Number of protein chains: 2
Amino acid sequence: MATIKDVAKQAGVSVATVSRVLNDNGYVHGNTRKLVIEAIQQLSYKPNEVARSLFKKKSRLIGLLLPDIRNPFFPELARGIEDEIQEQGYQLIIGNIDEKYPKEMDYIQTFQQNNVTGIITATNLTGRSHYDDLSSPVVFLDRTFNDHPSVFADGIEGGRMAASELVKRGSKRITILKGPAQLQTAQDRFNGAIAWLRAEKVDFSVIETSSFSFSDAEMWAKELFEKYPDTDGILASNDVVAAAVLHEALRLGKAIPEDLQLIGFDDIPLSRLLFPPLSTIRQPAYDMGKEAAKLLIRLINKETHFEKNIRMPVMFIERQTTRKVEENG
Amino acid sequence: MATIKDVAKQAGVSVATVSRVLNDNGYVHGNTRKLVIEAIQQLSYKPNEVARSLFKKKSRLIGLLLPDIRNPFFPELARGIEDEIQEQGYQLIIGNIDEKYPKEMDYIQTFQQNNVTGIITATNLTGRSHYDDLSSPVVFLDRTFNDHPSVFADGIEGGRMAASELVKRGSKRITILKGPAQLQTAQDRFNGAIAWLRAEKVDFSVIETSSFSFSDAEMWAKELFEKYPDTDGILASNDVVAAAVLHEALRLGKAIPEDLQLIGFDDIPLSRLLFPPLSTIRQPAYDMGKEAAKLLIRLINKETHFEKNIRMPVMFIERQTTRKVEENG
DNA sequence: ACCTTCCATGTAACCGATTACACAATTAAT
DNA sequence: ATTAATTGTGTAATCGGTTACATGGAAGGT
């Protein structure tokens with residue numbers, strides 16, 4: 001790889017001049033600039049980002065912290081982020097945390113050692129302020145944390161929407177699968193739903209759950225149909241859980257959506273591939289990623305006067321686990 | 001952030017000595033070492049990886065090139081890689097290529113500018129040798145390319161296995177969805193299947209396809225059942241395509257697996273969530289990621305005498321789109 | 001006692017960029 | 001014409017590490 005010195009020699013100028021044309025600052029004579037550009041092309045020179053980063057104390061790297069990229073919601077976020085930052089010349093370093101505090105600390109540490117210029121975190125460990133004394137800006141994605149900048153979907157509205165769509169389509173005895181207690185986003189959905197159901201005086205029951213894993217969800221699905229065999233509308237804590245409920249319902253011979261309606265949450269790619277295709281409350285994951293990236297870049301550029309906490313709209317996606325409004329009970 | 005100079009001053013030694021204890025090389029007196037270690041802890045000093053990388057011309061970063069992280073097969077690979085390299089203190093930079101050559105070139109460029117110490121690529125652009133003159137080692141994952149180091153699943157055996165399982169369970173008129181022509185892995189599966197079917201003189205037909213996308217697959221599924229309405233065993237080019245076929249078959253009222261058996265390929269997380277859960281040929285994606293990472297690290301460390309082209313075994317995962325062997329034909 | 005070898009440590013060059021500062025040449029202003 | 005401001009370029013310090021080399025003292029061999 002050619003260095004800035006090689007370019008300088010080739011163009012017959014000093015490295016400072018080369019650097020000036022590279023960064024387009026300071027004074028450079030037109031002819032000199034041409035010579036330098038030619039030299040750069042001839043040597044197909046690309047500046048060494050590491051050297052830059054060392055001097056500037058800022059790289060073009062952005063760190064992304066996720067619970068687990070295998071969870072189908074996160075690739076969407078990651079891709080949204082990447083598409084946005086890539087245009088600005090940034091790169092993504094990812095770290096899977098598995099809800100483990102030491103891993104999170106480790107990654108934050110390493111990110112800093114690598115001079116990352118910003119961090120986006122979608123992890124769920126709360127109550128610790130390990131994000132407070134970082135030199136680089138941090139954006140919280142799919143969660144909020146104190147008054148830190150954040151991008152999140154409107155879970156309360158989502159819960160309300162799910163409940164009302166179910167009732168509007170004729171369900172009378174709703175069962176809600178309450179998501180993990182430590183996840184604010186899951187609680188928002190739950191609270192949004194029960195607030196609406198109470199206000200509307202609709203009968204409902206609750207099954208407590210503690211994870212989003214499919215195999216756990218299979219158990220809760222069984223529990224659900226044992227405890228509340230005559231429920232006719234289920235609000236799952238997310239789409240993976242909804243898939244498990246759907247399985248169990250079909251296994252029990254329930255007609256969906258005729259006997260039983262079901263709404264998930266997230267709209268992961270899987271949801272439309274289920275049978276019947278799952279009605280769900282969509283979080284715009286890809287766009288949330290994009291927004292988080294935009295927000296982060298604004299923070300990096302020290303812009304002012306922009307919204308630092310972005311609530312993204314959710315949307316009811318009507319598929320075939322809910323009935324048509326016309327045919328409601 | 002404290003620097004090595006701060007540590008040196010605090011411990012009353014030179015930076016060289018600090019560096020020696022950090023890297024555990026050269027001579028350092030026991031007492032001096034203790035002083036340095038204390039200073040490091042007091043200042044909670046962490047070496048700046050950027051400075052290291054600049055001098056060594058090698059970072060602790062590994063580049064990963066993928067078609068699209070949203071495709072459910074790739075998060076598994078990525079996670080396998082990450083778990084392996086993370087133990088060795090490496091970080092992952094990811095790039096989504098979308099099968100676009102300029103994007104691939106861009107990322108390779110940027111990786112080099114960042115001194116990545118190795119690259120793992122799971123992209124599908126062939127016929128160009130843009131990997132030939134890189135200074136860092138490259139591992140091809142889920143594909144092979146000339147004699148470059150690679151990790152891949154045994155597609156030929158997978159195709160053979162899928163065909164034979166279908167026939168063993170009673171299917172007589174097989175239809176094969178032939179995957180995209182430019183993907184070697186897809187062709188291997190196809191060739192493995194038809195070779196076996198021909199040898200066994202089993203009747204089969206072929207539907208040509210050109211992508212792995214679900215919406216395209218919905219069309220091919222329709223085409224399939226129009227052209228070959230009496231097929232009783234389908235071999236899909238992967239699990240996403242299988243999901244589309246499953247939808248169409250259920251829509252047409254086929255009894256699965258009684259009237260029609262179906263086998264996918266990959267075993268993505270979705271597959272067990274389909275209804276009925278999909279029988280498939282499993283590629284050990286997570287382990288393939290791990291193996292690729294191990295292989296890359298061996299190359300980085302310039303080890304010798306190890307296998308540079310690793311063929312991973314595939315496995316038939318029996319779920320409910322195939323019949324039991326006992327109840328066959 | 002003298003020479004060699006091993007230890008222990010420090011000084012300074014180096015990695016490849018950016019930029020403060022110095023200086024010369026040109027242009028503008030009075 | 002003289003001074004001031006602008007333009008163009010180079011030298012060298014700097015970022016934070018690693019390591020080649022130099023140096024000096026202690027230990028070992030004859």
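Chain letters run A, B, ... following the sequence lines, proteins first, then strands; residues in each count from 1. Not measured: the values here are computed from a predicted model.
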Over-ring placement of B:K308 relative to B:F306, 6.0 Å and 45° cut-offs: yes
Side-chain N or O of B:N48 closer than 4.0 Å to phosphate OP1/OP2 of D:dC15: no
Using a heavy-atom cut-off of 4.0 Å across all strands, would you classify A:S19 as base, sugar-phosphate, or nothing? base
Considering only NZ, NE, NH1 and NH2 on the basic side and carboxylate oxygens on the acidic side, decide whether A:R79 and A:E76 come within less than 4.0 Å. no
What does A:S53 touch in the nucleic acid at a heavy-atom separation under 4.0 angstrom: a base, only the sugar-phosphate, or nothing? nothing
Please determine whether a side-chain nitrogen or oxygen atom of A:T32 lies at a distance below 4.0 Å from atom OP1 or OP2 of D:dT9. yes
Let me know the distance between CZ of B:R33 and P of C:dC7, rounded to the nearest Å. 13 Å
Classify the nucleic acid contact of A:V13 as base, sugar-phosphate or nothing, counting any heavy atom under 4.0 Å across all strands shown. sugar-phosphate
Using a strict 4.0 Å threshold on nitrogen-to-oxygen distance, state whether B:D98 and B:R70 make a salt bridge. no
Quick one: on DNA chain C, does B:G30 or B:F55 contact a more 5' nucleotide (nearest heavy atom)? B:G30
Is there a side-chain polar atom (N or O) of A:T17 under 4.0 Å from OP1 or OP2 of D:dG10? yes
Please step through side chain to side chain contact (heavy atoms under 4.5 Å, CB included) for the pair A:D24 and A:R33, ending with a clear verdict. CA-CA 10 Å; A:D24 204 26; A:R33 165 169 278 116; 3.3 Å; yes
Taken to the nearest whole Å, CG/B:L54 to C1'/D:dC15 is 9 Å
Between D:dG17 (P) and B:I40 (CD1): distance, integer Å: 10 Å
Can you tell me how far C1' of D:dA12 sits from CD1 of A:I4, to the nearest Å? 14 Å
Whole-Å gap separating C1' (D:dG17) and CG (B:N115): 14 Å
Calculate the interatomic distance between A:K46 atom NZ and C:dA17 atom P; express it in whole Å. 13 Å
Exercise: do B:T110 and B:N114 side chains pair donor with acceptor under 3.5 Å: no
Nearest-angstrom distance from the residue atom CG of B:N114 to C1' of C:dG16: 13 Å
Could you state the atom-to-atom distance from CZ of A:R52 to C1' of D:dG17 in whole Å? 20 Å
Counting only side-chain nitrogens and oxygens, does B:K57 get under 4.0 Å of the OP1 or OP2 atom of C:dG16? yes
Between A:K294 and A:D287 (salt bridge meaning N to carboxylate O under 4.0 Å), is one present in this structure? no
With nearest nucleotides of DNA chain D determined for B:A16 and B:A51 from heavy-atom distances, which residue corresponds to the more 5′ nucleotide? B:A51
Choose from D:dG17, C:dC7, C:dA17 the nucleotide whose nearest atom is closest to any side-chain atom of A:Y45. C:dA17
Compare side-chain N and O positions of B:S14 against OP1 and OP2 of C:dG10 and report whether any pair is under 4.0 Å apart. yes
Would you classify B:V18 as touching base, sugar-phosphate or nothing, given that sugar-phosphate means primed atoms plus P, OP1 and OP2, and contacts are heavy atoms under 4.0 Å? nothing
Ignoring backbone atoms, establish whether A:Y27 has a side-chain N or O less than 4.0 Å from OP1 or OP2 of D:dG8. no
Answer yes or no: side-chain N or O of A:R20 and base N or O of D:dG10 forming a donor-acceptor pair under 3.5 Å. yes
